[in-house]
Number of protein chains: 2
Amino acid sequence: MTKKATAYAFLERPEHMPRGSLSSHVTSQLREAIVSLRLKPGTMLDKSEICERLGVSRSPVADALARLQSEGLIDILPQRGSVVSLVSLAAVKEYIFIRTALECETVRKLAVERPGGLVEALEANIARQRDLATEDDKQGFHNVDLQFHEILLNAAGYRRMKAMVDTARNNLDRARHLSNRIRETALALEEHSAIVDAIVKGDPEEASDAMRRHLDSMVESVFEVARQSPTLFSDGELAQA
Amino acid sequence: MTKKATAYAFLERPEHMPRGSLSSHVTSQLREAIVSLRLKPGTMLDKSEICERLGVSRSPVADALARLQSEGLIDILPQRGSVVSLVSLAAVKEYIFIRTALECETVRKLAVERPGGLVEALEANIARQRDLATEDDKQGFHNVDLQFHEILLNAAGYRRMKAMVDTARNNLDRARHLSNRIRETALALEEHSAIVDAIVKGDPEEASDAMRRHLDSMVESVFEVARQSPTLFSDGELAQA
DNA sequence: CACTGCCAACTGGCATGTTATAATGCCCAA
DNA sequence: TTGGGCATTATAACATGCCAGTTGGCAGTG
């Protein structure tokens with residue numbers, strides 16, 4: 001028999017977690033693994049294996065799985081097991097819908113209120129995007145891209161709304177990793193700039209439209225990949241529509 | 001000693017729940033109690049009491065509390081206790097923001113796609129609203145009002161998005177019960193009609209705007225109550241702004 | 001009287017034991 | 001060969017035991 005101890009090797013065993021944070025730790029470990037596709041869609045999760053690897057009991061693991069289920073990252077089949085949820089184009093459409101709704105409304109609000117320091121933070125972020133785009137540093141650009149949306153969501157000051165966007169983004173990140181495709185940085189930079197410009201101008205409609213265009217082009221990009229490789233998604237044939 | 005067994009008398013003890021639905025049952029019992037204010041904001045939840053009343057162990061109850069926390073209905077204070085979350089105007093604003101974002105985007109989508117049977121269902125619903133409004137049946141109108149939004153969300157076909165709107169609505173319902181105020185039915189009917197008209201016309205912008213006006217008037221109504229009775233909300237003084 | 005430090009009680013987090021149920025493979029009969 | 005029950009097995013759901021952190025009261029001290 002091959003030793004299967006390596007199956008969950010990427011999970012970090014906690015040393016002495018303060019009481020009360022064990023569940024959260026397990027959750028984020030598993031979430032990270034699922035979003036980054038180290039745990040592939042459709043794989044069965046062996047709970048006792050995970051317990052052993054992490055040196056914790058079943059409680060925090062069961063807790064983590066329940067949370068991840070509510071985040072849409074795993075499916076719990078009663079009395080049968082827990083499985084990493086499949087990535088479907090239907091889910092991609094829904095999560096982009098959610099992001100569009102929430103983020104458009106966010107920039108609309110920000111364009112009206114323009115809280116202090118926001119424009120400065122956005123412009124500094126755009127400047128860094130420009131640098132990384134010219135250097136063609138895709139990974140670096142992606143990180144600053146994340147920060148861009150982060151700045152907007154934080155400025156709105158709505159904690160729960162931000163959490164909703166985050167779960168949507170985690171699910172979409174799986175699709176991004178699946179397609180192993182980083183969008184054209186120059187294009188994203190342009191779209192980001194349009195959003196900032198509209199906020200600077202204080203035009204909520206235009207800000208919302210710019211954000212919508214930005215997210216629309218993301219869904220377009222995913223569907224393009226799906227047309228080329230339909231098998232990546234559990235409902236890949238849907239891409240022909 | 002006064003027998004405190006009546007404390008959670010409104011919780012229905014399940015007879016023989018099928019395995020796998022106990023947690024959900026406890027969750028919905030508690031959710032219903034919290035949303036309807038039978039469990040008042042700020043009250044401490046006695047877990048063992050609840051277990052005894054429902055005749056279940058701590059597991060499903062702990063499970064339920066965790067879910068309700070993620071829905072924003074209770075706060076879990078580590079090692080201290082679980083408390084029904086306070087209703088704040090800040091929370092009302094955030095949840096209305098979330099509903100506005102998601103429901104505006106929903107009607108925008110529906111105005112474009114106009115799925116079969118939708119318009120008929122909406123017009124039938126509006127007709128019932130009209131009847132109940134003329135009869136001045138506030139409670140009946142409210143139920144049909146709920147169904148109106150339900151029809152729209154179901155038509156969009158986005159299960160998770162609907163769940164997000166539902167948690168927002170639950171939280172807002174607490175504010176509604178707190179203020180013990182049913183909005184003017186004639187006004188709501190008008191707003192609903194405007195939404196349907198825009199969908200019939202196939203005008204996404206107008207549909208979105210109509211939905212926004214509808215939800216805006218709701219927040220206005222809550223803040224008006226807050227100005228009259230600031231103590232109803234944990235941050236009632238905020239209403240003066 | 002105020003203030004500090006200790007102790008007991010209560011809580012939720014974690015560990016572990018127990019049970020019902022869905023799936024699987026096997027056997028045997030048709 | 002096939003198809004339908006039956007035992008086996010693995011899993012999540014549930015029950016329960018235990019532990020550590022927090023708190024509030026009380027005693028003792030200034």
Side-chain angles (χ1 to χ4, degrees), chain A residues 1 4 7-8 11-30 34 39 42-85, chain B residues 1 4 7-8 11-30 34 39 42-85:
Chain A
M1 276 310 280
K4 56 187 174 180
Y8 296 97
L11 297 179
E12 280 176 33
R13 185 195 309 270
E15 201 58 39
H16 281 306
M17 299 297 287
R19 191 182 186 81
S21 67
L22 225 179
S23 278
S24 315
H25 180 260
V26 175
T27 306
S28 40
Q29 290 278 313
L30 286 173
I34 294 174
L39 282 173
T43 55
M44 211 70 168
L45 295 172
D46 187 332
K47 210 186 264 188
S48 46
E49 191 93 3
I50 296 173
C51 292
E52 194 180 338
R53 166 65 196 169
L54 288 174
V56 303
S57 79
R58 285 152 21 209
S59 307
V61 175
D63 225 67
L65 294 185
R67 292 198 219 178
L68 294 174
Q69 179 183 38
S70 77
E71 293 180 18
L73 293 177
I74 75 170
D75 294 322
I76 296 180
L77 314 175
Q79 312 298 341
R80 297 205 287 122
S82 303
V83 56
V84 178
S85 69
Chain B
M1 275 307 278
K4 55 187 173 179
Y8 296 97
L11 297 179
E12 279 177 33
R13 185 194 313 267
E15 201 57 38
H16 281 305
M17 299 297 286
R19 191 183 185 83
S21 67
L22 224 178
S23 276
S24 316
H25 181 260
V26 175
T27 305
S28 40
Q29 289 279 313
L30 286 173
I34 294 174
L39 281 173
T43 56
M44 212 69 168
L45 294 172
D46 187 331
K47 210 186 266 187
S48 45
E49 192 93 4
I50 296 173
C51 292
E52 193 180 338
R53 166 68 196 165
L54 288 174
V56 301
S57 78
R58 285 155 19 213
S59 306
V61 175
D63 225 68
L65 295 184
R67 292 197 218 178
L68 294 174
Q69 180 184 39
S70 77
E71 292 179 19
L73 293 176
I74 74 170
D75 295 322
I76 296 181
L77 315 174
Q79 314 298 340
R80 296 207 287 123
S82 303
V83 56
V84 179
S85 68

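Bear in mind the structure is a predicted one, so any value in this text is a computation, not a measurement. Protein chains get the first letters and strands the later ones, always in sequence-line order, with residue 1 at the start of each.
- Straight-line distance from the NE2 atom of A:H16 to the C1' atom of C:dC14: 15 Å, rounded to whole Å.
- Between the side chain of A:R80 and the base of C:dA23, no donor-acceptor pair of N or O atoms lies under 3.5 Å.
- Between C:dC14 and A:S59, no contact under 4.0 Å exists linking OP1 or OP2 to a side-chain N or O.
- Listed pair A:S82 / D:dA12 meets the phosphate criterion, a side-chain N or O lying under 4.0 Å from OP1 or OP2.
- Heavy-atom minimum distance, B:R67 versus B:S23: NH2-CB, 3.4 Å.
- Relative to the side chain of A:V56, the nucleotides D:dA12, C:dA15, C:dG12 differ in distance, and C:dA15 lies closest.
- Atom-to-atom, CD of B:E49 to P of C:dT11 comes out at 10 Å; the value is rounded to the nearest Å.
- A:R19 contributes no side-chain N or O that forms a donor-acceptor pair with the base of D:dG21 under 3.5 Å.
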What verdict does the side-chain contact (heavy atoms from CB on, under 4.5 Å) test give for B:K47 and B:L65, after you've listed the backbone C-alpha separation in whole Å, the side-chain angles of each residue and the deciding distance to 0.1 Å?
CA-CA 9 Å; B:K47 210 186 266 187; B:L65 295 184; 3.6 Å; yes
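- Both B:P18 and A:G55 lie near DNA chain C, and the one whose nearest nucleotide falls closer to the 5' end is A:G55.
- Remark: B:Q69 CD is packed, more than 12 non-hydrogen atoms of other residues, nucleotides or ligands lying under 6.0 Å away.
- Across all strands shown, B:S24 has no heavy atoms under 4.0 Å from either base or sugar-phosphate atoms.
- Relative to the side chain of B:Q79, the nucleotides C:dC14, C:dA20, D:dA20 differ in distance, and D:dA20 lies closest.
- The CG-P distance, from B:L77 to C:dT11, rounds to 12 Å in whole Å.
- Using a 4.0 Å heavy-atom distance criterion, B:S48 is classed as making no nucleic acid contact.
- Among the protein residues, B:L22 comes within range of the sugar-phosphate backbone only, with heavy atoms under 4.0 Å from sugar or phosphate atoms but none that close to a base.
- Distance CD1 (A:I76) to C1' (D:dC14): 14 Å, rounded to an integer number of Å.
- In terms of modelled atom types and a separation under 3.5 Å, the side chain of A:S85 and the main chain of A:G72 share a donor-acceptor contact.
- A straight line from CG of A:L54 to C1' of C:dG13 spans 16 Å, rounded to a whole angstrom.
- Regarding B:E52, its CD atom lies at a distance of 14 Å from the P atom of D:dA15, rounded to whole Å.
- Both A:L45 and B:R58 sit near DNA chain D, but only A:L45 has its closest nucleotide nearer the 5' end.
- D:dA13 atom P lies 8 Å from atom CG of B:D63, rounded to whole Å.
- Among A:L39, A:V83, A:I34, the one residue that satisfies the side chain to side chain contact (heavy atoms under 4.5 Å, CB included) test with A:I74 is A:I34.
- Computed from coordinates, the B:I50 CD1 to C:dT11 P distance equals 11 Å when rounded to whole Å.
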